[in-house]
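Counting convention: from 1, in listed order, for ligands and their atoms alike. Nothing here was measured: the structure is a model prediction, and the numbers come from that model.
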Amino acid sequence: MSTPVLELRNVNKSFGPIDVLHDISLKVRAGEVLCLLGDNGAGKSTLIKTLAGVHEPTTGKILMDGEEVTFTRPKDAADRGISTVHQFGGTFPLMTIGRSFFVGVEPTKKIGPFTVFDRKTANETAVKAVREFGITRIDDGDRLIGGLSGGERQSLAIARAVHFGARVLILDEPRPLWV
Ligand SMILES: Nc1ncnc2c1ncn2[C@@H]1O[C@H](COP(=O)(O)OP(=O)(O)OP(=O)(O)O)[C@@H](O)[C@H]1O
Ligand SMILES: [Mg+2]
């Protein structure tokens, strides 16, 4: 069998005296879909945040392609191709669709000696990506995220993860419009 893209070995996570994750082991291979079920407060989001570099495991190992990895911040996980749509947040209410889509990886253009944010490219790309996802009501990349519905925001976050070529796409209770 192929080496798992992502593997957890005996991962535990505590917040001070509160033990949330107990000995979690799992393997995900290329092309597989893994579904995580649990009651409210069971620890699903905590596990996802541990995979996304938001939390470090208290003990246990995370492996990618059979190699142990340590994520001390979300960028470490993102750099390895782990893209996460969190249960809450993930987009920025006071930003436009185009800016929120490209936050941290902004397209730029030159105006004379200056390098500036390429708003037109960002808006067009973001709107196209989210429309390809079926959210055809969005046609203006200058709209503020704060004015979108919950499902539209989550769809935008998923479209962004897909656009940037996630190797591992993690969705924490996404609620797209068609559900
Ligand atoms: N930063 C934190 N500090 C302390 N306790 C936390 C922290 N984050 C989560 N917890 C606790 O860990 C437990 C698991 O929370 P988590 O958000 O992972 O649950 P969940 O399975 O995602 O629940 P839901 O289905 O409601 O989204 C809860 O009891 C929660 O209160
Ligand atoms: Mg949760």
Is atom 31 (O) of ligand 1 less than 4.0 angstrom from some protein heavy atom? no
Consider only side-chain N and O atoms of Asp65 and Thr3, and report whether a donor and an acceptor are under 3.5 Å apart. no
With heavy-atom distances below 4.0 Å as the criterion, list the atoms of ligand 1 near Thr46. 9 (C), 14 (C), 15 (O), 16 (P), 18 (O)
Does ligand 1 have an atom under 4.0 Å from some heavy atom of Asp39? yes
Would you indicate whether Phe114, at its atom CZ, is surrounded by more than 12 heavy atoms from other residues, nucleotides or ligands within a distance under 6.0 Å? no
Ser45 N/O/S atom closer than 2.8 Å to the Mg ion (ligand 2): yes
Do Asp172 and Ser45 have a side chain donor and acceptor closer than 3.5 Å? yes
Per atom 19 (O) of ligand 1, closest listed option by heavy atom (Gly38, Ser14, Gly16, Gly43): Gly43
Salt bridge or not between Asp76 and Arg80? Use side-chain N to carboxylate O under 4.0 Å. no
For the 3.5 Å polar cut-off, considering only N or O atoms, please tell me whether Ala42 and ligand 1 meet it. yes
Just to check, does Lys49 reach to within less than 4.0 Å of ligand 1 when the distance is taken from its heavy atoms? no
Side chain Arg9, main chain Asp23, donor-acceptor under 3.5 Å: no
Tell me whether His55 has any N or O atom under 3.5 angstrom from an N or O of ligand 1. no
Taking atom 17 (O) of ligand 1 as the reference point, the nearest protein heavy atom with its distance: Ser45 CB, 3.6 Å
Verify the distance criterion only: is there a donor paired with an acceptor across the side chains of Asp19 and Ser14 at less than 3.5 Å? yes
Is the charged tip of Arg99 near the ring of Phe117: under 6.0 Å from the six-membered ring centre and within 45° of its axis? yes
Under the criterion ring pair (Phe, Tyr, Trp, His ring centres under 6.0 Å), I'd like the reasoning laid out for Phe71 against His55: C-alpha separation, chi angles, the key distance, then a yes or no. CA-CA 8 Å; Phe71 300 147; His55 299 314; over 10 Å; no
Of all protein heavy atoms, the one nearest atom 25 (O) of ligand 1 is Lys44 NZ, 2.7 Å
Can you list the steps and then say if Glu152 with Ser149 is a side-chain contact (heavy atoms from CB on, under 4.5 Å)? CA-CA 5 Å; Glu152 284 171 338; Ser149 77; 3.3 Å; yes
Atom 27 (O) of ligand 1: which protein heavy atom is closest, and how many Å away? Gln87 OE1, 2.9 Å
Please write down residue, atom name and distance for the protein heavy atom closest to atom 13 (C) of ligand 1. Gly41 O, 3.5 Å
Top protein contact for atom 12 (O) of ligand 1, by heavy-atom distance: Val20 CG2, 3.2 Å
Which bit of Asn40 is near ligand 1, meaning a heavy atom under 4.0 Å away: side chain, backbone, both or neither? both
Closest non-hydrogen protein atom to atom 8 (N) of ligand 1, residue and atom name please, with distance? Phe15 CE1, 3.5 Å
Please determine, by modelled atom types, if Asp142 and Asn123 share a side-chain donor-acceptor pair under 3.5 angstrom. yes
